[in-house]
K.L.:
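Submitted below is the structure of interest, expressed as structure tokens.
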There are 2 protein chains.
Amino acid sequence: MDAGPKSTPSLRPRFQIAVRGEICLGPGKADLLEHIQQTGSISEAASRMGMSYMRAWTLVRTMNSSFREPLVTMVRGGKTKGGSKLSNTGHEVLALYRRLEFETRISTRATESSLLRLLRKS
Amino acid sequence: MDAGPKSTPSLRPRFQIAVRGEICLGPGKADLLEHIQQTGSISEAASRMGMSYMRAWTLVRTMNSSFREPLVTMVRGGKTKGGSKLSNTGHEVLALYRRLEFETRISTRATESSLLRLLRKS
């Protein structure tokens, strides 16, 4: 998060897809997909996000079981340390999630400015 | 949250305003403002949200110190159990927050549909 003393206020849109109370996709899972896409590895992605491999694997398993097709597939070596990559559906889901964020930033820009102007100057 | 077995998937946009790591406004605080607006009472608003009076008061205090003017003002009886209402800035902040949500729902509708179509049928 943002902790600098001179940091400017930020307004972050966060999207969560919930099915029967379970979060299938949210900001953390989307970031995890992106890191897997970039690194080709769940363990490397977990490391970049400062989370344990088991935690990352649990998030992947939740996503994989929530969508029509798994979002992350193993390319060699099984579940433990082998390479991983996004499936076509995984790429599509990540792109759609980022599009949600982009569309939101564009459409809310004026309202966001109005709201942030009401904050106390620090 | 949604826990019914036949519930449809939902995609909720959530906005948080953070200043130096502290959340000045988010979905919970916006709902609290709305309940204070409706009930004229922090304790009644807290009760409707299933939170303690002290918790609600802490949230109000955070909001009040984050904006140029307090969002919630006391109308009689001091801090403990007296009536409360939104200031003009409080009404404005709540309206702008709801507008953010509305603009987001409108602008992301097609992308949201594309994303939800990729979920597994349950």
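Chain naming here is simple, since letters A, B, ... match the order of the sequence lines and numbering starts at 1 in each.
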K.L.:
Hey, which of A:Leu11, A:Leu119, A:Thr108 has the most heavy atom pairs under 4.5 Å with chain B?
P.N.:
A:Leu119

K.L.:
Would you compute the distance between atom CD of A:Glu103 and atom CD1 of B:Ile106 and round it to the nearest 0.5 angstrom?
P.N.:
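Going from CD on A:Glu103 over to CD1 on B:Ile106, the span is 12.0 Å.
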
K.L.:
List the steps, then state whether side-chain contact (heavy atoms from CB on, under 4.5 Å) holds for B:Arg14 with A:Arg12.
P.N.:
CA-CA 8 Å; B:Arg14 297 161 57 92; A:Arg12 289 192 312 157; over 6 Å; no

K.L.:
For the residue pair A:Phe15 and B:Thr104, what are the closest heavy atoms and their distance?
P.N.:
CZ-CG2, 3.6 Å

K.L.:
Is the CZ atom of B:Arg98 crowded by more than 12 outside heavy atoms at less than 6.0 Å?
P.N.:
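Enclosed.
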
K.L.:
Once rounded to the nearest 0.5 Å, what's the spacing between atom CG of A:Leu100 and atom CG of B:Leu115?
P.N.:
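It is 6.0 Å, given to the nearest 0.5 Å.
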
K.L.:
Which residue out of B:Cys24, B:Ala110, B:Ala95, B:Ser65 racks up the most heavy-atom pairs below 4.5 Å with chain A?
P.N.:
B:Ser65

K.L.:
With rounding to the nearest 0.5 Å, note down the distance linking CG in B:Asn88 to CG in A:Leu118.
P.N.:
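Reported value, rounded in 0.5 Å steps: 11.0 Å.
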
K.L.:
When rounded to the nearest 0.5 angstrom, what is the spacing between CD in B:Glu92 and OG in A:Ser114?
P.N.:
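Answer for the CD-OG pair, B:Glu92 versus A:Ser114, is 7.5 Å.
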
K.L.:
How close do A:Leu96 and B:Thr111 get, heavy atom to heavy atom, and via which atoms?
P.N.:
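Shortest heavy-atom separation between A:Leu96 and B:Thr111 comes out as O-CG2, 3.4 Å.
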
K.L.:
Does any backbone or side-chain atom of A:Leu71 lie under 4.5 Å from a heavy atom of chain B? Answer side chain, backbone, both or neither.
P.N.:
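Neither part, no heavy atoms under 4.5 Å.
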
K.L.:
Measuring heavy-atom distances to chain A, does B:Arg117 have an atom under 4.5 Å in its side chain, in its backbone, in both, or in neither?
P.N.:
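Backbone of B:Arg117 only, per the 4.5 Å heavy-atom cut-off to chain A.
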
K.L.:
If we define contacts as heavy-atom pairs under 4.5 Å, which of B:Glu69, B:Arg105, B:Arg99, B:Glu112 has the most with chain A?
P.N.:
B:Arg99

